[in-house]
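Here the structure comes first, spelled out in structure tokens, and everything after it is commentary.
Keep in mind that this is a model prediction, so the values were computed, not measured.
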Amino acid sequence: MSRVLIVGAGLTGSLCACLLRRELPNKVNIVVWDKSRGAGGRMSTSRSPNNPSCSVDLGAQYISATQYYAQIHSSFYEELLAQDILKPLSAPVEGLMVKEEGMVNYVTPHGVSSIVKHYLKESGAEVFYNRHVTHIHRKDTGWEVCRKEGAPERFDVVVLTMPVPQILQLQGDVGSLMGENQRRKLEAVSYSSRYALGLFYKADTRIDVPWAAKYVSNNPCIRFIAIDDKKRNLESKVSGPSVVVHTSVPFGIQHLEEEKDAVQPIILEELKKLMPELPKPESVKCQKWRYSQVTRSVADCPGQMTVLSQPLLVCGGDGFTHSNFDGCIESALKVFAVLKSSL
């Protein structure tokens, strides 16, 4: 049995783990590490500290399937629809661009992290949170992986699925094993940055607006607002509504190095101007997305990059494709193909 470490419990990492379990069940022992407190990565769902049934998606808001991807990734869509993890988006979204004919949008009734949790559960992997990888050293026929706290561990194969700048920050042997051309390609990758706010309300709070979500085009700070429970067709008297606010990218970049506590009141002030009738929330969660969406992905390297084939060290994630559900599936399939051919 090969001991495989997947770094990152986002969509690419969780689907990779799931594919390994389904196709190579007797060949792998799968371990997943993530530096956060829970699964999801940029498909994260945050819960109200006062009522866990009141939740908000702070990352991806809905999933858009083009006709091309709906066809080539049909098995993934069908599985998630059959399990009620995905449902068609039927609530009104103001300013939603129809990018191409036949495109279908989906929402996640139980929050967007439910997709990642589904794949992690299917993978049967040992999943550990609060594990921040700092160093990777080549040791004999495998890898020694060090983290911020705790003893180093040995693995036969390592898969890195975190944002590309975090791969480049790793200490140890990764940098020296990487070819000059590979390093240049990784250094050229760029991401947009933004902030997201989640506002949680008491049960029976009413938010009277004619839309479930809307794009804001003329505000220097706010780009998108959603009444999240309404967006997911989940309005409930028991849990109370939740609201998510995404800032524009220019605002995110402008305030990127500031503390969240300093930025949160600025966003709330702008929200008040846009929605003066909005009641006061019971609690607020502020999320800084330093690596929000890929604006330039790795060139000529669709889906993955193999840093070393013996012992295997492979990188994947949306930095190697594009920032959406299908981009992550594409990367997971490419990474899995490399794993399958070498295990």
Hey, mind stepping through Lys273 and Glu269 against salt bridge (charged side-chain N to carboxylate O under 4.0 Å, His left out) and telling me if it holds? CA-CA 7 Å; Lys273 290 179 198 169; Glu269 192 56 42; 5.8 Å; no
Using modelled atom types and a 3.5 Å cut-off, is there a donor and acceptor pairing between side-chain atoms of [X] and backbone atoms of [Y]?
{"X": "Arg223", "Y": "Val216", "value": "yes"}
{"X": "Asp156", "Y": "Arg3", "value": "yes"}
{"X": "Gln182", "Y": "Gly179", "value": "yes"}
{"X": "Thr295", "Y": "Ser190", "value": "yes"}
{"X": "Ser44", "Y": "Leu58", "value": "no"}
{"X": "Asp318", "Y": "Ser323", "value": "no"}
{"X": "Arg47", "Y": "Pro52", "value": "yes"}
{"X": "Asp34", "Y": "Ser36", "value": "yes"}
{"X": "Ser123", "Y": "Ala17", "value": "no"}
{"X": "Asp228", "Y": "Val244", "value": "no"}

Measuring from [X]:[atom1] to [Y]:[atom2], what's the distance to the nearest 0.5 Å?
{"X": "Leu271", "Y": "Ile225", "atom1": "CG", "atom2": "CD1", "value": "5.5 Å"}
{"X": "Glu282", "Y": "Phe200", "atom1": "CD", "atom2": "CZ", "value": "10.0 Å"}
{"X": "Asn324", "Y": "Arg42", "atom1": "CG", "atom2": "CZ", "value": "11.0 Å"}
{"X": "Ile30", "Y": "Leu20", "atom1": "CD1", "atom2": "CG", "value": "5.0 Å"}
{"X": "Leu333", "Y": "Cys16", "atom1": "CG", "atom2": "SG", "value": "8.5 Å"}
{"X": "Ser193", "Y": "Leu256", "atom1": "OG", "atom2": "CG", "value": "4.5 Å"}

Grab the two heavy atoms, one from [X] and one from [Y], that are nearest each other, plus how far apart they are.
{"X": "Pro311", "Y": "Arg138", "value": "CD-NE, 3.4 Å"}
{"X": "Glu258", "Y": "Tyr195", "value": "O-OH, 3.5 Å"}
{"X": "Cys286", "Y": "Gln264", "value": "CB-OE1, 3.4 Å"}
{"X": "Glu270", "Y": "Cys221", "value": "CG-CB, 3.6 Å"}
{"X": "His246", "Y": "Gln61", "value": "NE2-NE2, 3.6 Å"}
{"X": "Cys18", "Y": "Glu122", "value": "SG-CB, 3.7 Å"}

Looking only at the side chains, is there a donor atom on one of [X] and [Y] sitting less than 3.5 Å from an acceptor on the other?
{"X": "Asn51", "Y": "Ser239", "value": "no"}
{"X": "Asp57", "Y": "Thr45", "value": "yes"}
{"X": "Glu144", "Y": "His135", "value": "no"}
{"X": "Ser55", "Y": "Arg232", "value": "yes"}
{"X": "Ser90", "Y": "Asn233", "value": "yes"}
{"X": "Ser292", "Y": "Arg194", "value": "yes"}
{"X": "Thr306", "Y": "Gln304", "value": "yes"}

Using a strict threshold of under 4.0 Å (side-chain N to carboxylate O), is an ion pair present between Glu257 and Arg290? yes
Are the charged groups of Glu126 and Arg131 less than 4.0 angstrom apart, N to O? no
For the residue pair [X] and [Y], establish whether any side-chain heavy-atom pair is separated by less than 4.5 Å.
{"X": "Ile63", "Y": "Val107", "answer": "no"}
{"X": "Lys285", "Y": "Val56", "answer": "no"}
{"X": "Lys231", "Y": "Trp211", "answer": "no"}
{"X": "Phe155", "Y": "Leu313", "answer": "no"}
{"X": "Glu259", "Y": "Val263", "answer": "no"}
{"X": "Leu186", "Y": "Val298", "answer": "yes"}
{"X": "Met43", "Y": "Ile115", "answer": "yes"}

Partner of Cys54 under side chain to side chain contact (heavy atoms under 4.5 Å, CB included), chosen from Ser283, Ser48, Pro241: Ser48
From the options Val4, Ile6, Leu5, Val7, select the one residue that forms a side chain to side chain contact (heavy atoms under 4.5 Å, CB included) with Val32. Ile6
If hydrophobic clusters are built by linking Ile, Leu, Val, Met, Phe, Trp and Tyr wherever their side-chain heavy atoms come under 4.5 Å apart, do [X] and [Y] end up in the same one?
{"X": "Leu15", "Y": "Phe325", "value": "yes"}
{"X": "Val338", "Y": "Ile329", "value": "yes"}
{"X": "Leu170", "Y": "Val314", "value": "no"}
{"X": "Val93", "Y": "Met103", "value": "no"}
{"X": "Leu120", "Y": "Leu24", "value": "yes"}

If you apply the rule side-chain contact (heavy atoms from CB on, under 4.5 Å), what do you find for Lys35 with Met162, and how did you get there? CA-CA 10 Å; Lys35 69 184 178 80; Met162 63 273 231; over 6 Å; no
State whether Trp143 and Arg154 meet the cation-pi test: NZ (Lys) or CZ (Arg) under 6.0 Å from the six-membered ring centroid, and within 45° of the perpendicular axis. no
Measure the acute angle between the ring planes of Tyr291 and Tyr191, then classify it against the limits of 30° and 60° as parallel, tilted or perpendicular. perpendicular
For Tyr62 and Tyr215, take the angle between the two ring planes, folded into 0 to 90°, and tell me which bin it lands in: parallel under 30, tilted 30 to 60, perpendicular over 60. perpendicular
Verify the neighbour count for atom NZ of Lys202: are there more than 12 heavy atoms of other residues, nucleotides or ligands below 6.0 Å? no
For Glu101, look at atom CD and say whether over 12 heavy atoms of other residues, nucleotides or ligands are found less than 6.0 Å away. no
Please confirm whether the ring centroid of Tyr106 lies under 6.0 Å from the ring centroid of Tyr77. yes
Does the gap between the ring centers of His322 and Tyr69 come in under 6.0 Å? yes
Test side-chain contact (heavy atoms from CB on, under 4.5 Å) applied to Val145 and Glu153, step by step: CA-CA 5 Å; Val145 182; Glu153 289 191 37; 5.6 Å; no
Would Ile266 and Phe251 count as a side-chain contact (heavy atoms from CB on, under 4.5 Å) here? Give the steps. CA-CA 10 Å; Ile266 303 170; Phe251 178 90; 3.9 Å; yes
Determine, stepwise, if the pair Lys121 / Lys117 fulfils side-chain contact (heavy atoms from CB on, under 4.5 Å). CA-CA 6 Å; Lys121 188 178 169 198; Lys117 287 173 181 170; over 6 Å; no
